[in-house]
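In each ligand, atom 1 is the first atom listed, and ligand 1 is the first ligand listed.
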Amino acid sequence: MQVPLLDLKKQFARLEDEIMPAITGVCRMQACCLGPAVAKFEEEIADYCHCKHAIGVSSGSDAIIAALMALGIGPGDEVIIPSFTFVATSGAVARVGATPVFADIEACTFNISPVEIEAKITEKTKAIIPVHLFGQIANMEPIMDIARKNNIYVIEDAAQSIGAARNGIKAGNFGDCGCFSFYPTKNLGAFGDGGLITTNDDNLAKMIRMVRNHGQNATYQYQVIGGNFRLDGIQGAVLGVKLRYLSSWHEARRENAAAYSRALAGVGDITIPHIDDVNYSIFNQYTIRSEKRDELKAHLQENQIGCGVYYPEPLHTQQCFKHLGLKEDDLPVTAKACREVLSLPISPELEEDQRDFVIQKIKDFYA
Ligand SMILES: Cc1ncc(COP(=O)(O)O)c(C=O)c1O
């Protein structure tokens, strides 16, 4: 049996009859950049996220860049971020000319540690970007306390966590704004690149709308420096269709996660994912830990089971951040996670017999 890590062809086959007419509608209108399909999607997704404003942008990476630009963050500023995340979080900070300051994570959730954030605050700190990794919201209450106490911005990197909640509050409502990705592997994936910024601040929303379209507030009137961070009409149409299914997809992922956790707790040296009691995780990834990660991964691959290592190397030791002079052991919890994590197939398209096969093959590995 083959078990892909993700099966987007299967998802498309199920939705083709709804998606193709939506795409055709955009083609007939030729409303290619932003336009009515994006405006409609923005309204629906704002409602879904419980946010006042939702602004469609060109990618999750651009969402973070546009948010930083809209908040006026640039050279001379420091931004505290985790090192255990996708590179885009750090790249965005560097792209606006600010300095990424890497903080370690909590071992159990993989999310940035508030204690480690506090230790990194200086008079140059302008923002914190907590990443809600793998579908679980970071420990936001202490993070917001630290931000308020020090008068610094909070940009949530919720690229992997659309619809996740903590104490009933959805991702994108804790900080000044939230940044989301519609990269195809996300729980809500476009047919290409796409992203979103949410905020409940009217002035910030106005600024983000300008920044996403070259700083324009009216045709050929440029108020601030912006960029081309517009979401395509076709992506808005596709996302609008997929949004109708998002809650049921989250539930299917959660059911898969619960089945894995029941079956894998106590097997070999595996640590199953820890979800805080107050969190509703949307399980963009189901990530276990094992000291035998590389052998286990090879065993699963030999059995045609897709699995992934997110992330194999910390950001703070990457060549592009060499100038920061950090060593692997400067963030020991991150370094250990990079050696041990392994993500299993969790998508809503995963069939029960495929899930059972994954569980059986993991048990065989430790037998
Ligand atoms: C945590 C995180 N931040 C940012 C991004 C960037 O999103 P995109 O790929 O849409 O640019 C991603 C997506 O891959 C991500 O996982």
Side-chain angles (χ1 to χ4, degrees), residues 5-6 8 38 41 45 54-69 79-96 100 102-103 105-106 109-112 127-138 140 143 154-164 171-172 174-175 177-198 212 227-232 234-236 238-239 242 253 281-287 308-316 318 320-321 334 337-338 341 343 346-347:
L5 187 54
L6 188 62
L8 290 173
V38 170
F41 171 66
I45 195 86
I55 301 152
V57 293
S58 35
S59 69
S61 308
D62 287 347
I64 306 171
I65 293 172
L68 288 162
M69 289 173 77
V79 180
I80 300 176
I81 59 173
S83 170
F84 190 66
T85 172
F86 183 59
V87 66
T89 321
S90 58
V93 174
R95 290 254 321 260
V96 299
F102 292 106
I105 52 170
E106 298 174 331
T109 63
F110 301 114
N111 280 328
I112 194 165
I128 305 166
I129 309 184
V131 178
H132 305 324
L133 206 67
F134 303 150
Q136 171 165 222
I137 293 180
M140 290 308 290
I143 293 175
V154 173
I155 299 170
E156 294 168 62
D157 180 342
Q160 301 182 9
S161 289
I162 195 152
F174 292 87
C177 59
C179 297
F180 297 83
S181 165
F182 301 129
Y183 186 72
T185 59
K186 300 299 191 270
N187 287 35
L188 180 60
F191 280 9
D193 285 305
L196 186 82
I197 306 176
T198 56
R212 106 171 139 177
N228 175 357
F229 302 130
R230 297 180 299 249
L231 181 63
D232 289 342
I234 285 178
Q235 304 304 350
V238 170
L239 291 164
K242 287 198 182 188
R253 284 173 181 269
S281 172
I282 60 147
F283 282 100
N284 182 242
Q285 300 293 343
Y286 181 90
T287 303
V309 174
Y310 310 111
Y311 297 91
E313 204 183 318
L315 294 178
H316 68 277
Q318 297 280 349
C320 62
F321 293 122
T334 292
C338 289
V341 288
S343 297
I346 185 75
S347 78

(request) Note the single closest protein heavy atom to atom 2 (C) of ligand 1, along with its residue, its atom name and the distance in Å. (result) Ala159 CB, 3.4 Å
(message) Between Leu315 and Val87, is there a side-chain heavy-atom distance shorter than 4.5 Å?
(response) yes
(message) Below 30° counts as parallel, above 60° as perpendicular, anything between as tilted: where do the rings of Phe86 and Tyr311 land?
(response) tilted
(message) Under 4.0 Å from a heavy atom of Thr89: which atoms of ligand 1 are those, numbered in the order shown and with their elements?
(response) 3 (N)
(message) With a 3.5 Å distance limit and no angle check, can you tell me whether Thr198 reaches the backbone of Ala54 through a side-chain donor-acceptor pair?
(response) no
(message) For atom 4 (C) of ligand 1, which of the options Ser181, Ala88, Gly91, Gly192 provides the nearest non-hydrogen atom?
(response) Ala88
(message) At under 4.0 Å between heavy atoms, is it the side chain or the backbone of Ser61 that contacts ligand 1, or both, or neither?
(response) both
(request) List the steps and the verdict of side chain to side chain contact (heavy atoms under 4.5 Å, CB included) for Leu133 and Gln160. (result) CA-CA 6 Å; Leu133 206 67; Gln160 301 182 9; 3.8 Å; yes
(message) Please confirm whether Asp157 approaches ligand 1 to less than 4.0 Å, judged on its heavy atoms.
(response) yes
(message) Gln160 versus ligand 1: do any nitrogen or oxygen atoms come within less than 3.5 Å of each other?
(response) yes
(request) Identify, with sequence neighbours excluded, every residue that meets ring-ring contact (aromatic ring centres under 6.0 Å, His included) alongside Tyr183. (result) none
(request) Using distance alone, determine whether Gly60 and ligand 1 share an N or O pair under 3.5 Å. (result) yes
(request) Check the angle between the aromatic planes of Phe102 and His316 and answer parallel, tilted or perpendicular using the 30° and 60° thresholds. (result) tilted
(request) For Lys186, counting its heavy atoms only, list the atoms of ligand 1 lying under 4.0 Å from any of them. (result) 12 (C), 13 (C), 14 (O), 16 (O)
(request) Mark up the atoms of ligand 1 that fall under 4.0 Å of a heavy atom belonging to Thr85, in ascending order. (result) 1 (C)
(request) Please identify which atoms of ligand 1 are closer than 4.0 Å to at least one heavy atom of Phe86. (result) 2 (C), 5 (C), 12 (C), 13 (C), 14 (O), 15 (C), 16 (O)
(message) Within the 4.0 Å heavy-atom shell around Val131, which atoms of ligand 1 are there?
(response) 1 (C)
(request) Indicate, with yes or no, if the rings of Phe182 and Phe41 have centres closer together than 6.0 Å. (result) yes
Which pairs would a plain distance check flag for residues 59-69, meaning a side-chain donor or acceptor within less than 3.5 Å of a matching protein atom at least two apart in sequence or in another chain?
unit_1: Ser59; atom_1: OG; unit_2: Ser61; atom_2: N; d: 3.4
unit_1: Ser59; atom_1: OG; unit_2: Asp62; atom_2: N; d: 2.9
unit_1: Asp62; atom_1: OD2; unit_2: Ser58; atom_2: OG; d: 2.6

